[in-house]
Participant: 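My questions will all concern the structure given below.
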Number of protein chains: 2
Amino acid sequence: MSRLLSGNPLPRPEAAPASEERSAESALQRWQKLGFDPSRCPVRDVFDHVGNKWTALILMTLAAGPQRFSALHRAIPDISKRMLTQSLRDLERDGLIHRHVHPTKPPSVDYRLAPLGLSIIGPLDTLARWAEVNHPEIRDARARFDAQD
Amino acid sequence: MSRLLSGNPLPRPEAAPASEERSAESALQRWQKLGFDPSRCPVRDVFDHVGNKWTALILMTLAAGPQRFSALHRAIPDISKRMLTQSLRDLERDGLIHRHVHPTKPPSVDYRLAPLGLSIIGPLDTLARWAEVNHPEIRDARARFDAQD
DNA sequence: GCTCAATGGTCTCATTTATATACCAGTCCT
DNA sequence: AGGACTGGTATATAAATGAGACCATTGAGC
């Protein structure tokens, strides 16, 4: 238990810029080294809720402005209504979006980013750009792996 | 269908820097507007594979340097071995990590970031920092939602 | 007035996916 | 010899997801 994560003289893969690597460690690994309760780890929580496919897609779609339920469904056709409803509830519960009901005769509903939701668009978009840029390489790697192994 | 996402004079939530907001739209919404096949959308693909809880956690743990299977399991105790095995295979298949077998008498295995994997640590860490900073606010929102509704 | 479609969902059921648990062969420590 | 660690696999069960039917209300077209 004492040598669990203490002195770890493993060979580094490469001499990566120390500052970069250290900053990448810190956020998550402070938790790990200190043995904090994993169930309260923010990283787990956020990646589980906000980082999942549908949730991220919804948030990024809402970045263009408020959208009604069915507009969202049209923008993301491959989500089931069931999942769309549930994801929207989750996002609302977490304070990332607001559900706004217009009291028109046939009441209409729209969803819009709350300030908290707006603040995650940047990080999310950074990942999305990475995805766009590196997707070909991932597909290649996948093809190679499937072919030879 | 024509007015679906065309002219959208909706009230912006706030006067965010136009460049920021436009850039947030562009990545995903080009796809949506052009009606591309969702199954080939890089954003879906990456958020599904790389953005899920375990995968992101593994990548960030490996950012500190190569780790053996059991070290990873100790660092992330709440993942099942089965899921850890499977997540590692997926990451290897996508070319984000390498599996390295040392031909010692009892052979030992370690996993390390491939260049592609190293390149995603930055974006991932950005999200992780957001998580750390905003987790309290999310928890508050959740508590409020659960209490009154 | 009748039919057809859209709205914003909910409900049920089948399939997919994840977790928990047990197990394996080989090797080290005591 | 007993127990623990290595890197997993196999099986059984629980949870998440998807497909599709349904609902009350409204508006448009015929």
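Note: hydrogens, waters and symmetry copies are ignored here, and every other heavy atom, side chains too, is used. Reminder, nothing fancy here: chain letters follow the sequence lines and each chain counts from 1.
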Participant: So if I take every side-chain heavy atom of B:R99 and compare against D:dG8, C:dA18, C:dT10, which nucleotide ends up nearest?
Facilitator: D:dG8
Participant: For A:K53 and D:dT17, give me the distance from atom NZ to atom P, rounded to whole Å.
Facilitator: 10 Å
Participant: Please determine, for the side chain of B:M83, which listed nucleotide (C:dG9, C:dA18, D:dG18) has the closest atom?
Facilitator: C:dA18
Participant: Report yes if at least one side-chain N or O of B:W54 is closer than 4.0 Å to OP1 or OP2 of C:dT17; otherwise report no.
Facilitator: no
Participant: I need the CG-P distance between B:N52 and C:dT16, as an integer number of Å.
Facilitator: 19 Å
Participant: What I want to find out is whether A:R129 reaches A:D125 closely enough, with some N-O distance under 4.0 Å, to be called a salt bridge.
Facilitator: yes
Participant: In whole angstroms, how far is the C1' atom of D:dT6 from the CD atom of B:Q67?
Facilitator: 16 Å
Participant: Let me spell it out: for each of A:I79 and A:P107, pick the nucleotide of DNA chain D with the closest heavy atom. Which residue's pick is nearer the 5' end?
Facilitator: A:I79
Participant: Picking from D:dT9, D:dT17, C:dG8, which would you name as closest to the side chain of A:V109?
Facilitator: C:dG8
Participant: Looking at B:V43, B:D48, B:N52, which one forms a side chain to side chain contact (heavy atoms under 4.5 Å, CB included) with A:K53?
Facilitator: B:D48
Participant: Do the charged groups of B:R139 and A:D45 touch, with an N to O distance under 4.0 Å?
Facilitator: no
Participant: Check B:L116 against A:W130 and note the closest heavy-atom contact, atom names and distance.
Facilitator: O-CZ2, 3.6 Å
Participant: Round to the nearest Å and state the distance from B:Q86 atom CD to D:dA10 atom C1'.
Facilitator: 14 Å
Participant: Can B:D140 and B:R144 be counted as an ion pair, charged N to O under 4.0 angstrom?
Facilitator: no
Participant: Round to a whole Å and report the spacing from CD1 of A:I76 to P of D:dG18.
Facilitator: 12 Å
Participant: Atom NE2 of B:H73 to atom C1' of D:dC5: distance rounded to whole Å?
Facilitator: 14 Å
Participant: Heavy atoms from C-beta onward define the side chain here; which of D:dG8, D:dG7, C:dT10 lies closest to that of B:S70?
Facilitator: D:dG7
Participant: Is B:R89 close enough to D:dG8 that one of its side-chain N or O atoms is under 4.0 Å from OP1 or OP2 there?
Facilitator: yes
Participant: Within this structure, what is the CG-to-P distance between A:D48 and D:dA15, rounded to whole angstrom?
Facilitator: 15 Å
Participant: Could you give the CG-to-C1' distance, from A:D78 to D:dG18, as a whole number of Å?
Facilitator: 12 Å
Participant: Is there a donor and acceptor pair closer than 3.5 Å between the side chain of B:R82 and the base of D:dT11?
Facilitator: yes
Participant: Of B:K81 and A:P106, whose nearest nucleotide on DNA chain D comes first from the 5' end?
Facilitator: B:K81
